[in-house]
2 protein chains.
Amino acid sequence: MEKREKINHRDTVCAVDYAFQRIGGKHKGRLIYHLSKGTLRYGELGRRITGITPKMLTQVLRELEEDGLVKRHVYLEVPPRVEYSLTPSGMELVPFIVLLADWGRAKMNKEGLACEN
Amino acid sequence: MEKREKINHRDTVCAVDYAFQRIGGKHKGRLIYHLSKGTLRYGELGRRITGITPKMLTQVLRELEEDGLVKRHVYLEVPPRVEYSLTPSGMELVPFIVLLADWGRAKMNKEGLACEN
DNA sequence: AAAGGTACTTTCTGATTAGATACTATTATT
DNA sequence: AATAATAGTATCTAATCAGAAAGTACCTTT
């Protein structure tokens with residue numbers, strides 16, 4: 001096959017890629033899914049998203065924040081309180097995440113797998 | 001934060017994860033997008049999906065085939081001809097990929113980025 | 001003075017994903 | 001006999017992603 005130009009991370013010309021770069025990855029989908037039901041604190045998110053480490057949770061939240069999908073609200077209290085919620089741009093993704101979840105659930109049922117949501 | 005169990009690849013209980021494990025990754029979205037417009041041969045796909053190497057193209061196609069999203073049809077000819085198309089299950093994803101592409105395109109426009117599709 | 005609660009950060013390590021580059025097989029064509 | 005076309009494979013390396021485990025910072029309660 002002839003040689004083709006390589007594309008760099010977040011330097012694409014394809015809308016599908018652009019979207020996957022922003023909401024793909026191991027935890028982002030689930031995170032948006034949980035936030036779609038309402039504002040959550042850091043620790044609450046950590047408990048809902050099984051298998052994520054604090055480091056990854058922070059990292060993923062920062063990326064989503066940077067991409068304008070998640071809003072971070074810090075309360076100047078002790079002990080600290082930080083709440084996360086979807087921005088309008090993030091909320092636009094909800095129907096789509098729901099569709100995806102429906103598809104996944106249906107396939108899981110067909111394959112006889114248990115599904116937690 | 002307390003310790004949490006880790007989940008293994010493709011061993012999840014969350015529908016959103018399940019779905020992302022199947023259609024996430026660097027090239028799968030674009031691939032499904034292109035196949036949604038009709039059957040394509042290996043080389044045609046390779047030319048449309050800029051930046052993919054033959055190795056990755058084969059790998060991604062095999063994974064999608066294994067997950068029942070893509071059908072592979074080999075013609076016993078020389079030079080060889082292999083055609084790829086979406087299965088019914090894969091087609092169920094199309095509206096969703098389109099939604100995602102729309103979202104991405106809108107965001108790209110807002111950011112002043114050029115978009116090839 | 002010690003422990004506890006919350007939201008992280010840091011460092012080191014391991015796993016996964018992706019890439020470059022070259023090679024294979026088959027037959028028709030030149 | 002060399003070339004071309006198609007659909008890949010093989011091997012090695014590089015980049016990215018993710019994880020474990022421990023540490024930080026702050027104030028309150030015991």
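Residue numbering restarts at 1 for every chain, and letters A, B, ... go by the order of the sequence lines. Only this structure's heavy atoms are used, side chains among them; waters, hydrogens and symmetry mates stay out.
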Looking at [N], I'd like to know if its phosphate oxygens (OP1 or OP2) sit under 4.0 Å from a side-chain N or O belonging to [X].
X: Arg41(A); N: dC8(C); result: no
X: Tyr75(B); N: dT26(C); result: no
X: Tyr84(B); N: dG8(D); result: yes

Nucleotide nearest [X] (side chain, heavy atoms from C-beta), chosen from [options]:
X: Lys55(B); options: dG19(D), dA10(D), dC8(C); value: dA10(D)
X: His27(B); options: dA18(D), dT9(D), dG19(C); value: dG19(C)
X: Pro80(A); options: dA7(C), dG19(D), dA18(C); value: dA7(C)
X: Arg62(A); options: dA18(D), dT9(C), dG8(D); value: dT9(C)
X: Thr53(A); options: dA20(D), dA20(C), dT9(D); value: dA20(D)

Just how far, in rounded Å, is [atom2] of [N] from [atom1] of [X]?
X: Met56(A); N: dT16(C); atom1: CE; atom2: C1'; answer: 12 Å
X: His73(A); N: dT6(C); atom1: NE2; atom2: C1'; answer: 17 Å
X: Ile49(A); N: dA7(C); atom1: CD1; atom2: P; answer: 14 Å
X: Phe20(B); N: dT17(C); atom1: CZ; atom2: C1'; answer: 18 Å

Can you check whether [Y]'s main-chain N or O pairs, donor with acceptor, with [X]'s side chain at less than 3.5 Å?
X: Tyr42(A); Y: Pro54(A); value: yes
X: Arg30(A); Y: Thr50(A); value: yes
X: Thr87(A); Y: Gly68(A); value: yes
X: Lys107(A); Y: Asp67(B); value: yes

| field | Residue mapping more 5' on DNA chain D - nearest nucleotide basis, Arg72(B) or Val78(B) | value |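 Whichever sits nearer the 5' end wins; that is Val78(B).
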